[in-house]
Amino acid sequence: MSLLQVGAKLTYLKSFWEPRGLADLVVPFRLGLTANESAMIDIKALRDNPEAFIKTVQARGNKVDLGPLLALDAKRRELIVGLDQLKAQRNENSQKVGKGGLSEQEKQALIDLTRTLGDQIKAQDPILRDLEERLEQAALVVPNLVDASVPVGQGEEENKEVARWGEPRKFDFEPKHHADLAEALGILDAARGVKLAQSRFTLVKGLGARMERALAAFMLDLHTLENGYTEVAPPLLVNAETMTGTGQLPKFEEDLFKTTSGLYLIPTAEAPVTNIHRDEVLKEEDLPIYYVSHTPCFRSEAGSYGKDTKGYIRQHQFNKVELVKFSHPDQSFAELEKMRGNAEEVLKRLELPYRVMALCTGDIGFSASKCYDLEVWLPFEGRYREISSCSNCTDFQARRAQIRFKPKDGGKPQLVHTLNGSGLAVGRTLVAILENYQQKDGSVTIPKVLVPYMGGITQIPAL
RNA sequence: GGAGAGAUGUCCGAGUGGUCGAAGGAGCACGCCUGGAAAGCGUGUAUAGGGGUAACUUUAUCGAGGGUUCGAAUCCCUCUCUCUCCGCCA
């Protein structure tokens, strides 16, 4: 998840999480969940161990009150007990009628009796369903449990640096902003992007377009040939179920572009790729599954007015190479470390200085249990900026999307853990290269590993 | 856009009002057989929610929602999706 997305999410969440009674909890979107698809959090786990959830919610800095949720759950169970008894009686009676051996009168009496049972059931069933719906909606605002290793903090400022690589280059001239460089080199054309679409769209030209293609190819080769990922090219328009599975819907609909046919443009390949195995039961021996996908991403950037208006950092459309894993629950945190290493490797080979941040409880995404951001050095701004985000979503998305595996020993299907991370955001990588590899004359040297992918050229010459 | 067919368990596939959570097969697990394996034979094998320390018990689920009925996978209505043929088209 990108910084921009987190920002938008947090603003939205803040208003959403104002304390209020469950009765007037307004949810803008009716979930298309069926009875055996469960809610966003494990209601049983909440029942058994509410303290863990309360702790998480507090640490994340939101004020959702879990009390009403627990009360609803208790009420629901109470109702089920009575209703199930009624249904059991009805079923038994119906079977007696069917089996025969009753006199006409007995039979008719039983039918009449059972009809009243049926009426009672019909009267109570909607009450239960209403209760369950409210329970589900209430569960919807409860975020994933954060892992114990996540630093506690209020916001971005309290994220913890856990690693740093490379030395920011010393310039013997004033480094330029990438947008100024790129305009001068004729490789990024913001004005024409606006003409063709609107602001936050850019026309990429010449060696700029070539470099994006080269970067994508380089990253894909690294991840497929060396890191064991399988390349996939998913649909870029997906349905509401898919968006719900990974958590973009229903809460973050305003961040998405929706088409007139009801499909959504993907804001990240995480959405379609994680949903590849939605409603599936995988074999334990197939885990872990690694996918890598290079796609455009589309984000409305609602709520980010005025931020990064200049340049190629924050666009409505950008390219990203995304890593997705389906992991055995016991391995997911180890897999997160590996995934972070895979993303870091891209920066290392491009020789771009970066640091790794462990996001704190106040900054971590809604569905993530633990998350690292990779931040690349940008000389003009003189600071590190997010270029990748690697998250372990544990079973949070798997529960929504019903992604399970059958244990080898024959036990019940269990939820897998899902992970995702950028490996990397291609547009921002281009930005980082432009700024870090710029020369005094305005030309840009091409990182060594990229030269073969650029047809052998070693620089973008100044015009 | 026009015409038709379909949606059942991990998968394939039968089932047109009751004894159907659902035949049969595949897969998987265990056992027998074998020097070991394959084949063969036998046994077992859905998910979710309640209640119960447990044994166990109960409810729901045959694409989704509604209806008829004492009783629905099965009958009726609505919707969604998939497939085939025709038309259009990158």
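Keep in mind that what you see is a predicted model, and the values were worked out from it rather than measured. A, B, ... follow the sequence lines: proteins, then strands. Residue 1 opens every chain.
Scanning residues 80-89 of chain A for heavy-atom distances under 4.0 Å to RNA chain B yields A:Ile80, A:Val81, A:Asp84, A:Lys87, A:Ala88.
Applying the side-chain hydrogen bond (donor to acceptor under 3.5 Å, both in side chains) rule to A:Arg115 yields the partners A:Asp112; only residues at least two apart in sequence or on another chain are considered. In this structure A:Glu51 satisfies the side-chain contact (heavy atoms from CB on, under 4.5 Å) test together with A:Asn49, sequence neighbours excluded. With sequence neighbours excluded, the residues that form a side-chain hydrogen bond (donor to acceptor under 3.5 Å, both in side chains) with A:His417 are A:Ser332. Looking at residues two or more places apart in sequence or on another chain, you find a side-chain hydrogen bond (donor to acceptor under 3.5 Å, both in side chains) between A:Thr418 and A:Gln397. Contacts of A:Pro151 classified as side-chain contact (heavy atoms from CB on, under 4.5 Å), with partners at least two apart in sequence or in another chain: A:Lys160, A:Ala358, A:Cys360. For A:Glu104, the side-chain contact (heavy atoms from CB on, under 4.5 Å) partners at least two apart in sequence or on another chain are A:Lys107. A:His294 pairs by the ring pair (Phe, Tyr, Trp, His ring centres under 6.0 Å) definition with nothing, not counting sequence neighbours.
Screening residues 194-216 of chain A for salt bridge (charged side-chain N to carboxylate O under 4.0 Å, His left out), with sequence neighbours left out, gives A:Asp189-A:Lys205.
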For residues 75-90 of chain A, please give each side-chain donor-acceptor pair under 3.5 Å, one per line with the distance, not counting sequence neighbours.
residue: A:Arg76; atom: NE; partner: A:Glu132; partner atom: OE2; Å: 2.8
residue: A:Arg76; atom: NH2; partner: A:Glu132; partner atom: OE2; Å: 3.4
residue: A:Gln89; atom: NE2; partner: A:Asn93; partner atom: OD1; Å: 3.1

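B:G71 and B:A5 are spaced 31 Å apart, taking the C1' atom of each and rounding to whole Å.
A salt bridge links A:Lys258 with A:Glu253: at least one charged nitrogen is closer than 4.0 Å to a carboxylate oxygen.
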Output one line per pair: protein atom, nucleotide atom from nucleotides 43-46 of chain B, and distance, for all N/O pairs under 3.5 Å.
none

If you restrict it to nitrogen or oxygen atoms, what contacts under 3.5 Å exist between nucleotides 69-72 of chain B and the protein, and what is each distance?
residue: B:C70; atom: OP1; partner: A:Arg115; partner atom: NH2; Å: 2.5
residue: B:C70; atom: OP2; partner: A:Arg115; partner atom: NE; Å: 3.3
residue: B:C70; atom: O2'; partner: A:Ser94; partner atom: OG; Å: 2.9
residue: B:G71; atom: O4'; partner: A:Ser94; partner atom: OG; Å: 3.1

